Amino acid sequence: MRMVDLIEKKRDGKELTKEEIHYIIKGYTSGDIPDYQMSAFTMAIYFQGMTDHERAELTMAMVHSGDTIDLSEVEGIKVDKHSTGGVGDTTTLVLGPLVAAVGVPVAKMSGRGLGHTGGTIDKLESVPGFHVEIENKQFIELVNKNKIAVIGQSGNLTPADKSLYALRDVTATVNSIPLIASSIMSKKIAAGADAIVLDVKTGAGAFMKDLDDSKELAKAMVDIGNLVGRRTMAIISDMSQPLGFAIGNALEVKEAIDTLSGKGPKDLEELCLSLGSYMVLLAEKAQSLEEARSMLIEVMNNGKARAAMKTFLEAQGGDGSVVDKPETLPQATYKIELEAKQDGYLSAMIADSIGTAAMLLGAGRATKESQIDLAVGLVLNKKIGDTVKKGESLVTIHSNRENVEDVKEKLHASISISDQKVEAPKLIYATVE
Ligand code: URA
Ligand code: CA
């Protein structure tokens, strides 16, 4: 086989075989196929697309380009959740203990964040003592015992995806549905998922700003999952504004604890119940979505979801008393209100620039090397559709510096107030099964 012939075949819109796709990914991972040929190939995919079978083969070729996590010692069906990003998305922190409390095993490998706010590990590290540096053996034991554990990213997982993503980033080929779908699915499968629930975000703060594109991406991932034997379902949810109220590491941990107790923001609670119901269903712990949802509501109300959070934190060295006393989480020195400049209705709240405002405070990393401040962040006091009075607080800024004029300016630029009444946006636009 010669790479040049395969580039030509894709350029002309023909379907590649399984052997051809595996040859390309193997050659690229080993360095035998150079970046310039791979660039031409990804550009051909960008314009010609890929068939369902090509997408499934590309995904599995990337899965096998490196190590895979063996979760066979974990009892039960391992369901993983993936979100296509967003701002202040506290769902992972809530869903883990929530579904663990009804017996769904959560064996989660997580990363640190870049940009916007922290990743799941950063958020959890705001709990004093909590750490993810545990051995694989202990990780498996904890999942079997408590139904939940989180470990840091280790090993050489999907190296083909790593190289390819970096190449796509500089060759204007990130935005290709077959390439995004296979990239995301390969990472979940390599991390040991038997079944996958996807939360595809749509709207101004999301990777996919357009609803039709989001639906197409969701369908592409569901089709890949089902073709390679991993039951997959997707929800398309709103990211025209941040989810919940809190954006920032310790602030989101507190918000997650509130939500596990049934006292969280309604949008966050609803999305967690919807995603969680799919997880419970795919894990075969319930016969229907309705049954799954009532199981989750029950553990929110009877304290079992909170207890699962406490057990999980303590098992990994964390101070579980934060569940009852969230004020022991890191606190910022200053709480500064962002006041509305006029009366009206809150009409827009651009999630990604709100995320950037939180990053300016130190809640997120500008570069991989940046240190983050776990205490700082934003708490939204108004959301789209709310009435606003001049001088009322729109956002509480939790800061460790006294002067936050830059953050205020960024926030005012991301929030619009209109004279006309505005409807709150829908939270869930569609589901793909
Ligand atoms: N996120 C990924 O993991 N891969 C992509 O290709 C795009 C977003
Ligand atoms: Ca939030």
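Whatever order the structure lists ligands and atoms in, that order sets their numbers, starting from 1. These numbers were taken from a predicted model, which means no experiment stands behind them.
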Identity and distance of the protein heavy atom lying nearest atom 5 (C) of ligand 1: Ser183 OG, 3.5 Å

Exactly one of Lys285, Met279, Met295 should register a side-chain contact (heavy atoms from CB on, under 4.5 Å) with Val99. Which one does? Met279

Ignoring hydrogens and angles, state whether a donor on the side chain of Asn381 or Thr396 is under 3.5 Å from an acceptor on the partner side chain. yes

Is it the case that His131 and Gln316 place a side-chain donor and acceptor less than 3.5 Å from each other? no

In terms of residue, atom name and distance, what is the protein heavy atom nearest to atom 7 (C) of ligand 1? Tyr165 OH, 3.4 Å

Shortest protein contact, atom 3 (O) of ligand 1 (heavy atom only): Lys187 NZ, 2.5 Å

Polar contact flag, side-chain donor to acceptor under 3.5 angstrom, Tyr345-Asp386: no

